[in-house]
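See structure below.
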Amino acid sequence: MNNAQIAAVLDEVADLLEIQAANPFRVRAYRNGARTVRELSEPAATILCTAGRKLTEFKGIGSDLADKIAALCQTGSMPLHQELLAQIPVSVLTLMRVPGVGPKKAAALNKELGISTLDELRAACQAGRVRKLKGFGEKTEQTILAGMELAGSVNQRLTWAEVDGFAQSLMTHLRACPSIAELEPAGSYRRGRDSVADLDLLVVSSNPAEVMDRLAAFAAVETLLGRGDTKMSVRLAGGLQVDLRVVPAESFGAAWQYFTGSKDHNVELRSRAKSRGLKINEYGVFRGDQYVAGRTEEEVYATLDLPWFPPELREARQEFAWADAGQLPKLIETGDMQGDLHMHTTATDGRASLAEMVAAAQDRGLKYIAITDHSKRVSMANGLDATRLRAQWAEIDRLNKSLRGLVVLKGVEVDILEKGGLDLEDDVLAEADWVVASLHYGQQQPREQITRRIVDALANPHVCAIAHPTGRLINRRKPYDVDLDAVFRAARQHGKFLELNSHPQRLDLDDVACAAAKSHGIPIVISTDAHGVEGLDKLRFGILQARRGGLTKADVVNTRPWAQVKKLLRDRRAT
DNA sequence: GCCGTTTTCGGCCCGACTGTTTTCAGTCG
């Protein structure tokens with residue numbers, strides 16, 4: 001049983017306990033445990049089998065949870081989980097996906113009306129039976145019906161890049177308000193999460209009503225979800241929820257910190273404040289009733305002797321431990337990048353020619369690029385066989401003679417075949433400057449098979465890196481069932497790199513996997529996988545993800561000049 | 001159920017808004 005599966009069971013136990021109105025701190029303990037397991041850099045099962053190691057060495061897992069996880073790994077099920085499932089149909093949990101329905105209402109609906117599915121809930125609302133329940137009313141019934149429309153259609157997270165589009169145009173729209181003194185995005189968007197459920201905007205204004213009216217007038221606004229004196233929520237066409245908060249200037253830093261989150265980061269921060277006799281809320285830091293700080297984020301953190309944290313790190317993972325040790329990493333920045341080692345041309349499925357990609361790379365100030373078109377197995381993309389590939393490389397050789405300031409590398413994205421092995425012969429690969437291997441077919445294969453294919457590819461002496469190592473497409477396709485821990489170990493053993501693909505729908509390795517790869521000592525390559533000139537601008541999405549993984553300039557291969565990348569590959573293979 | 005420079009018990013972050021309430025519970029972030 002892998003970490004994701006263990007975490008899913010723990011999360012479901014938390015949900016079920018919540019419906020049973022269990023001690024909320026007990027519920028939180030299961031959620032924290034789930035999160036800890038999900039973010040472990042190695043399989044829990046491995047730790048359990050290793051002498052001298054215990055799961056309790058990780059924050060959030062005590063002896064009780066450690067025992068339950070051990071039982072889960074050994075037997076495939078957890079007695080508490082099974083008991084709860086016998087009491088509450090698992091489908092009741094889906095009721096909580098409807099906005100406005102939390103654990104209490106879901107429990108009441110199930111207990112009083114015997115409702116356990118969304119269809120039953122819809123029917124009961126339409127029949128007017130829900131409004132008769134204590135604590136429910138006509139409004140609630142309407143909210144539930146409206147919320148169910150949503151849950152079925154648009155209630156999914158958007159990619160960061162999609163939200164960025166809305167955020168930029170909405171902020172431009174709002175800035176027309178003369179009373180706005182500050183306007184900043186917060187929430188998971190500011191933290192750079194690869195997908196974002198809603199957009200939080202923070203405003204300092206002498207006239208909150210004017211700002212809210214202006215938001216209501218934004219063309220994409222579809223529904224007004226709520227509006228108070230300081231807070232307003234709307235839903236945009238396409239489903240994105242926007243939450244606007246207006247705060248006084250002396251609270252701006254505290255509010256920005258608070259609304260940026262994450263929730264867990266804030267819990268840790270406030271708990272630290274409490275232990276010092278301070279209280280932190282969105283209005284500031286207080287000792288008793290006395291305002292201590294709050295105008296800037298730096299000020300808020302400084303009251304706890306903490307440094308300002310880059311938003312990407314605020315996930316209550318390592319950042320507090322790093323700060324306590326005075327070792328907060330200096331995160332990689334877009335300007336650190338020197339080259340791009342994964343892109344396509346019209347020779348396969350790209351939309352721009354070799355010459356156009358080269359010109360675009362020069363425009364963007366890149367020092368080197370690798371042209372890595374697909375190999376022949378990817379027939380849909382008109383993949384290259386040895387002959388066509390060598391012809392492209394000859395063209396690159398000619399091109400390089402006339403280029404100044406940019407080196408074009410002879411590369412290929414060689415397919416990892418379904419039955420294992422690579423799509424091109426070793427003698428061909430040996431002529432390349434840069435080889436990335438990736439799999440496009442047989443993505444549904446069982447874990448052992450997929451893992452074996454990737455691990456074997458890493459063992460090939462000509463392969464430099466594995467591209468998009470999990471194959472996930474955010475909101476569209478789950479990652480392959482691959483044992484990433486085994487991939488990390490193989491990459492380390494053979495001195496290879498792993499790619500962080502910057503395409504906003506891919507972004508794999510994800511943030512947690514980046515951090516895990518780093519802990520295994522594996523250098524990361526951040527690539528655009530550009531299929532056109534505009535694709536070269538997607539690097540910033542990959543950088544954001546890398547920052548979330550805590551990566552520095554030194555952790556990323558292509559912040560170095562090409563000569564150093566080559567040397568790094570050589571040196572690592574030698575050891 | 002977890003955790004510990006208040007250390008094995010007694011805490012566990014904090015507030016806005018809504019709807020159903022007549023003083024507050026539930027939900028959300």
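In what follows, every heavy atom counts, from backbone to side chain, and hydrogens, waters and symmetry copies are set aside.
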Next item on the list: Using Watson-Crick or G-U wobble geometry with both distances below 3.5 Å, tell me the partner of B:dG19, or none.
Entry: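 B:dG19 is paired with B:dC24.
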Notebook entry, point to check: Touch check for A:L269, heavy atoms < 4.0 angstrom, all strands: base, sugar-phosphate only, or nothing?
Noted result: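 Nothing, no nucleic acid heavy atom in range.
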Next item on the list: Have a look at A:P24 and say if it touches a base, only the backbone sugar-phosphate, or nothing, with a 4.0 Å heavy-atom cut-off.
Entry: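 Answer is nothing: A:P24 stays at 4.0 Å or more from every strand.
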Check: Does the side chain to side chain donor-acceptor pair (under 3.5 Å) test come out yes or no for A:E297 and A:W308, once each step is laid out?
Finding: CA-CA 7 Å; A:E297 287 192 325; A:W308 179 85; 2.7 Å; yes
Notebook entry, point to check: Which of these passes salt bridge (Lys or Arg N to Asp or Glu O under 4.0 Å) with A:R191: A:E315, A:E312, A:E319?
Noted result: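 With A:R191 as partner, salt bridge (Lys or Arg N to Asp or Glu O under 4.0 Å) holds for just one option, A:E315.
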Note to self: Using a 4.0 Å heavy-atom cut-off to protein, can you give one letter per nucleotide of nucleotides 13-20 of chain B, 5' to 3': B if the base is in contact, S if only the sugar-phosphate is, - if neither?
What the structure shows: BBSSSSSS
Length of the [atom1]-[atom2] vector between [X] and [N], whole Å:
X: A:N23; N: B:dC9; atom1: CG; atom2: P; answer: 18 Å
X: A:D15; N: B:dT27; atom1: CG; atom2: P; answer: 13 Å
X: A:R31; N: B:dC28; atom1: CZ; atom2: P; answer: 12 Å
X: A:D200; N: B:dC28; atom1: CG; atom2: P; answer: 15 Å

Notebook entry, point to check: Is the distance between the ring centroids of A:F320 and A:F309 under 6.0 Å?
Noted result: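 For A:F320 and A:F309, the ring centres are under 6.0 Å apart.
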Checklist line | C1' gap between B:dC13 and B:dC2, integer Å | finding: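 About 16 Å, rounded to a whole number of Å.
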Note to self: Measuring only the P atom in each nucleotide, how far is B:dT27 from B:dT8? A whole number of Å is fine.
What the structure shows: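 Roughly 36 Å separates the two P atoms.
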Next item on the list: Given side chain to side chain contact (heavy atoms under 4.5 Å, CB included), test A:V512 with A:R317 step by step and report yes or no.
Entry: CA-CA 10 Å; A:V512 172; A:R317 288 175 186 159; 3.7 Å; yes
Next item on the list: Not counting sequence neighbours, list each pair that qualifies as a side chain to side chain donor-acceptor pair (under 3.5 Å) and has a residue in residues 169-185 of chain A.
Entry: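 Every pair satisfying side chain to side chain donor-acceptor pair (under 3.5 Å) with a residue in residues 169-185 of chain A: A:H173-A:R214, A:S179-A:S205, A:S179-A:E210.
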Margin query: I want to verify a distance call: between B:dC2, B:dT27, B:dC3, whose nearest atom is closest to the A:K104 side chain?
Written below: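 Closest nucleotide to the A:K104 side chain: B:dT27.
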Item checked: A:D243 or A:I61, whichever maps to the more 5' nucleotide of DNA chain B ->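 Final value for this comparison: A:I61.
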Next item on the list: List in chain and number order the residues that pass side chain to side chain contact (heavy atoms under 4.5 Å, CB included) with A:D200, two or more places apart in sequence or in another chain; answer none if no residue qualifies.
Entry: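 With sequence neighbours excluded, A:D200 shows a side chain to side chain contact (heavy atoms under 4.5 Å, CB included) to A:A186, A:D198, A:D243, given in chain and number order.
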